[in-house]
Amino acid sequence: MRIGVLTGGGDCPGLNAVIRAVVRKGVATYGHEFVGFQDGWKGPLEGLSRPLGIAEVRGILPRGGTILGSSRTNPFKIENGVERIKENLAAQGVDALIAIGGEDTLGVATKLHELGVNVVGVPKTIDNDLGATDYTFGFDTAVNIAMEAIDRLHTTAESHHRTLVVEVMGRHAGWIALHAGLAGGANVILLPERQFDVEQVAGYVEKRFQHQYAPIVVVAEGAQPLEGQMVLHNQELDSFGHVRLGGIGQWLAEQLEAKTGKEARTVVLGHIQRGGTPSAFDRVLATRLGLQAIDAVHEGDWGKMVAMQSTDIVRVPLAEATRELKTVPLERYAEAEVFFGS
Ligand code: F6P
């Protein structure tokens with residue numbers, strides 16, 4: 001078989017580890033050939049490809065980002081997008097596609113499968129919000145980066161008796177905020193899953209100062225205050241209809257400073273969370289997902305997404321995985337609440 005591989009959506013550490021595993025097993029065990037499509041769905045849409053063999057995947061296991069490039073191109077928003085993809089796959093003699101992506105990229109894969117394209121999906125996102133898989137690679141690395149940042153910020157918060165607000169990624173799901181906040185000993189954690197009362201947050205912050213200990217507030221970029229709307233960076237939507245977030249951390253710091261009279265500063269971790277080398281956990285998970293993905297392709301098991309369930313790598317229907325986002329259950333949030341303000 002000649003198999004196309006693409007990476008779509010926001011990059012994350014571990015993408016290259018998947019590509020490497022797919023190609024190494026695909027060539028060595030099954031004798032398949034590969035072609036790398038560039039920049040997500042833009043690659044097959046515009047016929048942008050590059051060679052992808054053993055030589056091209058040497059040394060990429062620890063590298064962050066993706067050697068194939070990525071984009072948020074949505075072929076269903078482009079005239080004749082699906083037909084163009086089918087034509088380009090045929091023109092390049094490609095029998096099947098492995099799409100590595102999150103909710104948007106795999107949403108496209110789900111629809112293309114229904115339209116007759118041979119596709120297998122691999123879940124990735126630092127947000128850990130894809131259904132049907134316990135973890136996505138990229139998440140562990142992002143949490144560790146955010147945790148280390150929180151550890152460092154504790155010392156400055158103490159020295160200067162300041163509140164430090166740490167804004168982390170997480171548009172609809174607060175997994176990064178929850179895990180990094182728990183691991184880093186945050187004083188308060190705010191998630192998109194539950195609107196927060198800024199008065200209550202100010203109360204937690206005051207209490208922490210009373211204990212002679214400066215507070216760290218971890219806020220997911222998609223968290224919203226009770227009394228207002230989501231703070232938007234701008235109103236532009238991408239081709240999947242997402243707004244560009246950012247700003248809740250700054251807004252919150254201003255509110256906390258005004259309400260407590262104590263200086264409050266914000267650190268926005270942004271793309272630092274998605275950069276650099278993957279953790280060992282993410283390298284292993286990405287590698288195992290890649291191995292299962294090439295097995296699925298070899299067996300012609302189309303329309304599946306490989307997933308981690310417990311410690312096993314299994315296959316689930318793409319449609320099931322992309323049906324709804326996996327958000328933080330409120331009882332999980334309640335575990336963290338025990339530490340708020342104390
Ligand atoms: O989906 C991954 C993610 O990092 C989200 O946490 C974040 O909201 C979004 O991508 C940011 O996207 P971009 O890098 O395109 O601004």
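As the structure lists them, so they are numbered: ligands from 1, and atoms in each ligand from 1. Side-chain atoms are counted along with the backbone in the values below, which use heavy atoms only and exclude waters and symmetry mates.
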Worksheet entry | Which of the ligand 1 atoms, numbered from 1, are nearer than 4.0 Å to a heavy atom of Gly170 | 6 (O)

Fill in: Nearest option to atom 9 (C) of ligand 1, as decided by whichever heavy atom of Arg171, Lys124, Glu103 sits closest
Arg171

Discussion item. As an exercise, identify every atom of ligand 1 less than 4.0 angstrom from a heavy atom of His271.
Written reply: 13 (P), 14 (O), 16 (O)

Worksheet entry | Close-contact set for ligand 1 against Asp127 heavy atoms, below 4.0 Å | 1 (O), 2 (C), 3 (C), 5 (C), 6 (O)

Fill in: Centroid separation Tyr213 to His211 less than 6.0 Å
no

Worksheet item: For ligand 1, which atoms sit closer than 4.0 Å to a heavy atom of Glu221?
Response: 5 (C), 6 (O), 7 (C), 8 (O)

Worksheet entry | Asp11/Arg274 salt bridge by N-O under 4.0 Å criterion | yes

Discussion item. Side chain, backbone, both or neither: which applies to Ile176 and ligand 1 if a contact is any heavy-atom pair less than 4.0 Å apart?
Written reply: neither

Worksheet entry | Distance-only polar pair, side chains of Ser49 and Gln92, donor-acceptor under 3.5 Å | yes

Name every donor-acceptor pair, under 3.5 Å, that has one atom in a side chain of residues 14-23 and the other anywhere in the protein, sequence neighbours excluded.
| from | atom 1 | to | atom 2 | distance (Å) |
| --- | --- | --- | --- | --- |
| Asn16 | OD1 | Ile67 | N | 2.8 |
| Asn16 | ND2 | Arg63 | O | 3.1 |
| Asn16 | ND2 | Gly64 | O | 3.1 |
| Asn16 | ND2 | Gly65 | O | 3.4 |

Worksheet entry | Ionic contact status for Glu206 with Arg208, cut-off 4.0 Å | no

